[in-house]
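For this chain, numbers begin at 1 and follow the sequence in order. Because only heavy atoms are used, hydrogens play no part in the values below, and waters and symmetry mates are left out as well, while side chains stay in.
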Amino acid sequence: PVVLERRGSNINAVCFSPNGRWLLTSDYDKTARLWDLESDDPDAEPRELIGHNGWVSAVSISGDGRWAITGSYDRTARIWDISTDDSLLSSTIVARHDAAVLGIATSDDGRWCVTADRTNAPRVKKLSPRGAPSASPYVLTGSRSGISNLVISPNGQWLVTFSRKARLWDLRGGNPAESWYDLDGFQPRIRGAVISSDSRWLVTTGEGSTALLWDLTQSNPAETPVVLRGHDDSLISVTVSDDGRWLGTSSVDGTARIWDLNSANFAGSHRVLRGHQGHVNHIWIGTGGDLCITMSVAEKKARVWDLTAANPSDGPRVIEIPLKPSNRVMFASKDQRWLVIPADGGDDGRLMVWDLDAKDSVAPRVVDAHKRKIFTISQTTEGDRLVTGSWDKTARVWDLSASDPWASSAVLRGHKESVHGVAVSQDGHWLATSSADLTVRLWDMSGDVPRNPSLVLRGPERMLWSVGISPD
């Protein structure tokens, strides 16, 4: 394989540019590197981003593909113009923090970049596709708790920051620091926040039994949140369907609830999914909104609910799942056909597969997927491929569009130790696998089968447990 190698380094984060040409890696040697994946030899001359005085801990590339943003333990964030042909890039400090920069988020429209540390003041930077970024970042002060989570709406108009308390920042105006709303006066200790794909709804959950729904199209989104009541105990998870219509919640009370956001009175009328005899740990709603799947780890059962029925609680399909306490992996394909769970906690390399189209069958098909423990599962954005990684040193790609996806798979060999992480770029072009052999491998997924050889990123001196690819 083509090796992207810098000995003595320790790669800790990667991201792709939107057009798939560039791979940006961050390193503990105080540098970031930009690899040209379209060159004949991507490893030959990576462009080094030198300027930080501490570990580079976070990286991102703007939606328009012009700017690279890096964050470091030297408490600064830097921005680099990667549209130039210079082999040695220069940078500008765009934000100074009071602690190490651990998080970077960019809006899908390429207009905003947000950097954050563990203190109370994230920095927001306005980016421009034609000229230099704004001279100084907007410092978002006033948060009353440390910030550990950032969420930007898909349309790039809103930023949510939260840890125990949440604040909503309006990115539409000139200075986001002057336009914000506190969201913590209605529920104790914010634990989660989700924004619908159409950017209309923000859902927050806390320690209590209610979820709050904030309408981001209102002139003051924080003025009158909709309180979603019904659960008798704390919420565990929340999800919004891809089409933005259905909101699902699951709870310690053993129930899940479905809210139709297109209904005029969705807060006062929702569907209760009863039947589990333990905490409902997971909830998933299909893209079309026809099916909902819930799973209880303690009960070792999953249930498949038909949301088109007048009363989905009448006769859901109950699936017995021999889960181990450590097994919390549930995969449901985007076409609502396949439910996949590692058998026996994944220890023996087998998959349990349920065909949800076969409504008269509750017995899974057992697939001998790997020779050793299955450690990770992921799928492409389009939902046409499933990827598994294993301790048998391989990753496998399963074609879900085939007449029998489980009859065979493309085996990706090359790692010399167990594969711990897999991630697929949003356009489906690249698959990244990370391994205990201290490498990350990049596989070209643009064809019917992944292409060999893979690109290999070497350098880390410690075991790699996971890998992720930025949405762009």
Side-chain angles (χ1 to χ4, degrees), residues 194 196 201 203 205 208-211 213 226-323 327-341 352-366 383 400:
V194 176
S196 62
W201 300 107
V203 188
T205 58
S209 60
T210 62
L213 195 63
V226 179
V227 182
L228 303 181
R229 295 185 173 89
H231 285 289
D232 297 325
D233 211 327
S234 299
L235 299 182
I236 297 179
S237 65
V238 61
T239 186
V240 179
S241 62
D242 289 347
D243 60 7
R245 177 177 180 180
W246 303 99
L247 169 66
T249 57
S250 70
S251 170
V252 173
D253 66 9
T255 71
R257 294 171 189 260
I258 304 295
W259 320 75
D260 184 354
L261 300 182
N262 286 353
S263 171
N265 184 31
F266 61 82
S269 176
H270 61 272
R271 297 183 174 188
V272 183
L273 307 182
R274 304 182 188 276
H276 283 291
Q277 303 302 313
H279 301 175
V280 182
N281 303 88
H282 300 281
I283 182 170
W284 172 87
I285 301 175
T287 301
D290 296 338
L291 292 180
C292 173
I293 302 175
T294 57
M295 185 171 73
S296 171
V297 174
E299 188 188 18
K300 297 185 178 181
K301 290 181 180 179
R303 282 173 165 78
V304 182
W305 315 81
D306 181 0
L307 298 184
T308 65
N311 185 0
S313 289
D314 291 341
R317 190 184 330 176
V318 179
I319 297 175
E320 300 281 348
I321 302 173
L323 290 167
N327 188 341
R328 286 166 170 78
V329 177
M330 179 182 74
F331 165 83
S333 62
K334 291 181 180 292
D335 63 2
Q336 305 183 89
R337 180 176 181 183
W338 302 105
L339 174 65
V340 182
I341 298 176
M352 295 183 296
V353 180
W354 286 265
D355 185 350
L356 301 183
D357 284 350
K359 298 184 181 298
D360 58 343
S361 175
V362 295
R365 176 177 177 177
V366 179
L400 300 185

Is the closest side-chain heavy-atom distance between Thr239 and Val194 below 4.5 Å? no
NE2 of His270 to OG of Ser263, rounded to nearest 0.5 Å, is 12.0 Å
Would you check if the side chain of Gln277 reaches a backbone N or O of Glu299 as a donor-acceptor pair within less than 3.5 Å? no
Could you check whether any side-chain heavy atom of Trp354 comes within less than 4.5 Å of a side-chain heavy atom of Ile341, counting everything from C-beta outward? yes
Any donor-acceptor pair under 3.5 Å from Ser234 side chain to Val252 backbone: no
So which atom in Thr249 and which in Trp259 form the shortest heavy-atom distance, rounded to 0.1 Å? OG1-NE1, 3.4 Å
Over all atoms of both residues, closest heavy-atom pair of Leu261 and Gly244: CD1-O, 3.7 Å
Would you indicate whether the side-chain heavy atoms of Leu356 and Arg317 approach each other to under 4.5 Å? yes
Between Ser209 and Asp232 the two heavy atoms that sit nearest each other are CB-C, 4.4 Å
Any chance you could measure Ile293, atom CD1, to Leu339, atom CG, to the nearest 0.5 Å? 5.0 Å
Please report the shortest heavy-atom distance between Leu307 and Ile285, naming the atom on each side. CD1-CG2, 4.3 Å
Determine whether a donor-acceptor pair (N or O, by modelled atom type, separation under 3.5 Å) exists between the side chain of Ser250 and the backbone of Val280. yes
Taking all atoms of both residues into account, what is the closest heavy-atom pair of Thr308 and Asp306, and its distance? OG1-OD1, 2.5 Å
Considering all heavy atoms of both residues, which atom of Val318 and which atom of Lys301 are nearest to each other, and what is their separation? CG1-CD, 3.9 Å
Are His282 and Ser237 linked by a side-chain donor-acceptor pair shorter than 3.5 Å? no
